[in-house]
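These notes concern the structure reproduced below.
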Amino acid sequence: MGSVPRDRWRGDFSRWFDWVIEEAEVYDYGRYPIKGMGVWRPYGFQIRRRVLDVVRELHDSRGHEEVLFPLLIPEDLLRREAEHIKGFEGEVYWVTHGGLEPLDVKLALRPTSETNITYYESLWIKSYKQLPKKYYQIVSVFRYETKATRPMIRLREVTTFKEAHTVHDSFEDSERQVLEAIEIYRELFERLGIPYIISRRPEWDKFAGALYTIAFDTIMPDGRLLQIGTAHNLGQNFTKALDFKIQLADGTLEYPWQTSYGVSDRVVAALIAIHGDDRGLALPPSIAPIQVVIIPIPGGSEEDKARVLAESRSVADTLRSSGIRVVVDEREDVRPGAKYYHWEARGVPVRIDVGLEEVGAGTLTIARRDTLEKLKIPRERLLEELRTMFKDIEENLKERALNFMRSMITRADTMDEAEKWASEKRGLLEMPWCGREECARTVEERLEVKTIGTPWPPEDAPGRRCPLCGAPAITIVRYAKTY
RNA sequence: GGGGCCGUAGUCUAGCCUGGCUAGGAUGCAGGGCUUGGGCCCCUGUGGUCCCGGGUUCAAAUCCCGGCGGCCCCA
């Protein structure tokens, strides 16, 4: 198989990412006069929309109902759950004025929507018979990030926050719901070819107001971890805080149990980062806004040009009528080579070259984006070949991404090994752990990493010892540098 | 939270240290010619609040202060 260089992709990922979102016209960042806010451009918007199509499909098919809540949350409502507000307080944007008048009650730009959604659930849901209830919305949320912001990865306005909120009549059912959330995200990331690691976040890094948090992370080309999805069991924390009770089968009143889970723009960022290379994007055919681009290569005479163009359009029609998203690049003042680079940067999975040679022989030359391999095929086999090629590309991207992620995971049993890892390599480090925060914190300091959490499903570490205190390890624990 | 680097045309960038000429180049964009199987070539043109505000100076892209914004490293 052919391969495309990934030197820039891997060696200078931050610059590569900035370059690719500009070059492929995905996202305009750094020019908006407010820190941490960017613009989805038409092509990027289409990629985002196709990702969201999958997100919606996965939620709808499992009984989730899409809703839309207001952006503003009054201060007293946001403050109801003590831990929750403690966790978010430092990064809430407040609306303090209406026109020239100071407001009596400050209004928060939602950093997340547990509080206002729970408030409405308490109005709508009275009985266990209405449960489980699963809502979701896809909205902007705002967080006043003080750290360095990054396009699509650390934003002050997260423009694509899919947040699901569910209600249950027992703790057990909320536990089942967390499993369903995990299944939804597994499927989402599999469909996008994004490899992932599932961890239970340590106590000190769980969602503010949750009993616990399960997180999906992926490893970026520079070896840093990117959180791409989270699922929280909220227990009764919010229902108690908002005095939301339901009637159970035995007639008693009880606070229901809740979960919430979310993904964001980061899913698109991961899609772009994980599959890209030095030429630009490489999109899975199922997501690519344009699946096939046809490049006519005109011959000398006017007559030849006309034949080539006619054939190009005819091929496009064939594909279009089979539901394939196709574009013919008919620009006359751009040479074929320049067009190749143009569409490669945009990650179009398959290119078809149509020149005099092809017209004469009744063949087509098709080139795949992931490997840049070219193939000559008889025209009548086109649809078949494409179908196979789409599948191959999808699988190849996925496998390449998975191999990369695997190569970035290291296991160590001693601090010596761990320190060696820290000095030579990056990525994810897995070590045995006694379970004490103090030991994990020491590792964080010595290796300059963050505790990612423990494996989900849980994984014990029989016969192994915590490399710090020497106590028997009760689990594996993960460390990495993060975004 | 701490430290460092940086901000010049749509994009990339020279000039800044050592203040002074019409802010130069590449790319892009527009027009023309020639071409078209991996970023052709030539001609002409277009595009600048030198991030913003203040200060120093006869004179500021350049020096100083503040702000805004971006990147990197460390916590």
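Computation of the quantities below employed the complete heavy-atom set of this structure, encompassing side-chain atoms and omitting hydrogens, waters and symmetry-equivalent molecules. In what follows, chains are A, B, ... by sequence order, proteins preceding strands, each numbered from 1.
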**Prompt:** B:rA60 and B:rC50: how far apart are their C1' atoms, nearest whole angstrom?
**Reply:** 11 Å
**Asked** Picking from B:rU36, B:rC71, B:rG38, which would you name as closest to the side chain of A:Lys305?
**Response** B:rU36
**Message:** What I want to find out is whether A:Glu145 reaches A:Lys35 closely enough, with some N-O distance under 4.0 Å, to be called a salt bridge.
**Reply:** no
Every protein N/O lying under 3.5 Å from an N/O of nucleotides 9-12 of chain B:
{"unit_1": "B:rG10", "atom_1": "O3'", "unit_2": "A:Arg31", "atom_2": "NH1", "d": "2.3"}
{"unit_1": "B:rG10", "atom_1": "O2'", "unit_2": "A:Arg31", "atom_2": "NH1", "d": "3.4"}
{"unit_1": "B:rU11", "atom_1": "OP1", "unit_2": "A:Arg31", "atom_2": "NH1", "d": "3.0"}

**Asked** If you round to the nearest 0.5 Å, how far is OG1 of A:Thr475 from CH2 of A:Trp433?
**Response** 7.5 Å
**Message:** Please report the distance separating the C1' of B:rG53 from the corresponding atom of B:rC68, rounded so that it comes out in whole Å.
**Reply:** 10 Å
**Message:** Run the salt bridge (charged side-chain N to carboxylate O under 4.0 Å, His left out) test against A:Glu302 and tell me which residues pass, sequence neighbours left out.
**Reply:** A:Lys305
**Item:** Residues within residues 343-355 of chain A bordering RNA chain B, heavy-atom distance below 4.0 Å
**Value:** A:Glu344, A:Arg351, A:Asp353, A:Gly355
Please write out each protein N/O paired with an N/O of nucleotides 27-33 of chain B under 3.5 Å, distance rounded to 0.1 Å.
none

**Request:** Between B:rG28 and B:rC12, how far apart are the C1' atoms? Round to whole Å, please.
**Result:** 11 Å
**Message:** Whether the A:Arg201 and A:Gln227 side chains hold a donor-acceptor pair (N or O, under 3.5 Å, no angle test) is what I'd like checked.
**Reply:** yes
**Request:** Any pair with a residue in residues 267-286 of chain A that passes ring-ring contact (aromatic ring centres under 6.0 Å, His included), sequence neighbours left out, goes on the list, sorted by first then second residue, please.
**Result:** none
**Request:** Give a yes/no answer on whether the side chain of A:Thr365 brings an N or O atom under 4.0 Å of OP1 or OP2 in B:rG37.
**Result:** no
**Request:** Output the single nucleotide from B:rG38, B:rC40, B:rG69 whose closest atom is nearest the side chain of A:Arg279.
**Result:** B:rG38
**Message:** Tell me every residue that passes salt bridge (charged side-chain N to carboxylate O under 4.0 Å, His left out) with A:Glu444, counting only those two or more places apart in sequence or in another chain.
**Reply:** A:Arg441
Identify each atom pair where a protein N or O and an N or O of nucleotides 1-7 of chain B are less than 3.5 Å apart, giving names and distance.
{"unit_1": "B:rG1", "atom_1": "OP2", "unit_2": "A:Thr146", "atom_2": "OG1", "d": "3.3"}

**Request:** Find out whether the Lys NZ or Arg CZ of A:Arg156 is both under 6.0 angstrom from the six-membered ring centre of A:Tyr144 and within 45° of the ring's axis.
**Result:** yes
**Complete:** Exactly one of A:Val327, A:Val315, A:Ile366, A:Leu319 clears side chain to side chain contact (heavy atoms under 4.5 Å, CB included) with A:Val292, and that residue is A:Leu319
**Lys/Arg-Asp/Glu bridge criterion (N-O < 4.0 Å) met for A:Arg307, A:Asp304** = yes
**Asked** Is there a side-chain polar atom (N or O) of A:Tyr29 under 4.0 Å from OP1 or OP2 of B:rG70?
**Response** yes
N/O donor to acceptor pairs below 3.5 angstrom from side-chain atoms of residues 108-115 of chain A, sequence neighbours left out:
{"unit_1": "A:Arg110", "atom_1": "NE", "unit_2": "A:Ser140", "atom_2": "O", "d": "2.8"}
{"unit_1": "A:Arg110", "atom_1": "NH1", "unit_2": "A:Phe69", "atom_2": "O", "d": "3.0"}
{"unit_1": "A:Arg110", "atom_1": "NH1", "unit_2": "A:Pro70", "atom_2": "O", "d": "3.1"}
{"unit_1": "A:Arg110", "atom_1": "NH2", "unit_2": "A:Ser140", "atom_2": "O", "d": "3.3"}
{"unit_1": "A:Thr112", "atom_1": "OG1", "unit_2": "A:Glu114", "atom_2": "OE1", "d": "2.6"}
{"unit_1": "A:Ser113", "atom_1": "OG", "unit_2": "A:Gln137", "atom_2": "NE2", "d": "3.2"}
{"unit_1": "A:Ser113", "atom_1": "OG", "unit_2": "A:Glu163", "atom_2": "OE1", "d": "3.4"}
{"unit_1": "A:Ser113", "atom_1": "OG", "unit_2": "A:Glu163", "atom_2": "OE2", "d": "2.6"}
{"unit_1": "A:Glu114", "atom_1": "OE2", "unit_2": "A:Ser260", "atom_2": "OG", "d": "2.8"}

**Prompt:** Of the candidate nucleotides B:rG69, B:rG37, B:rG39, which contains the atom at the shortest distance from the side chain of A:Tyr341?
**Reply:** B:rG39
**Asked** Mind checking the C1' distance from B:rU27 to B:rC41? Whole angstroms is fine.
**Response** 16 Å
**A:Arg411: side chain to side chain donor-acceptor pair (under 3.5 Å) partners, not counting sequence neighbours** = A:Glu430, A:Glu459
**Request:** Please measure how far the C1' atom in B:rA30 lies from the corresponding atom in B:rG10, and state the result in whole Å.
**Result:** 14 Å
**Asked** Relative to the 5' end of RNA chain B, which residue comes earlier, A:Glu445 or A:Ile297, by the nucleotide with the nearest heavy atom?
**Response** A:Ile297
**Item:** Distance between P atoms of B:rG55 and B:rU46 (Å, rounded)
**Value:** 36 Å
**Request:** Could you tell me whether A:Glu83 and A:Lys86 make a salt bridge, using a distance below 4.0 angstrom between a side-chain N and a carboxylate O?
**Result:** yes
**P atoms of B:rU13 and B:rC71, separation to the nearest Å** = 14 Å
**Prompt:** To the side chain of A:Arg224, which of B:rA75, B:rG37, B:rC73 is closest?
**Reply:** B:rC73
**Prompt:** Should stems be defined as at least three consecutive Watson-Crick or G-U pairs with both distances under 3.5 angstrom, which of them involve RNA chain B?
**Reply:** B:1-7 with B:68-74, B:10-13 with B:24-27, B:28-33 with B:41-46, B:51-55 with B:63-67
**Message:** Centroid distance below 5.5 Å plus an interplanar angle below 30 degrees: do A:Tyr340 and B:rG38 meet both conditions?
**Reply:** no
**Request:** Can you run down the ring-ring contact (aromatic ring centres under 6.0 Å, His included) pairs that involve residues 332-383 of chain A, sequence neighbours left out, and say none if there aren't any?
**Result:** none
**Prompt:** Does NZ or CZ of A:Arg154 come closer than 6.0 Å to the centre of the six-membered ring of A:Tyr483, within 45° of the ring's axis?
**Reply:** no
**Prompt:** Taking the same atom, C1', in B:rG19 and in B:rG45, what whole-Å distance lies between them?
**Reply:** 34 Å
**Prompt:** Is any side-chain N or O of A:Lys339 closer than 4.0 Å to OP1 or OP2 of B:rG39?
**Reply:** no
**Asked** Can you find a side chain N or O atom of A:Arg335 that sits less than 4.0 Å from OP1 or OP2 on B:rC40?
**Response** yes
**Prompt:** Nearest to the side chain of A:Ala338 - B:rG39, B:rG38, B:rC71?
**Reply:** B:rG39
**Fill in**
Out of B:rC40, B:rC74, B:rG70, minimum distance to the side chain of A:Glu448 belongs to B:rC74
**Prompt:** By a strict heavy-atom criterion of less than 4.0 Å, which residues belonging to residues 85-94 of chain A are in contact with RNA chain B?
**Reply:** none
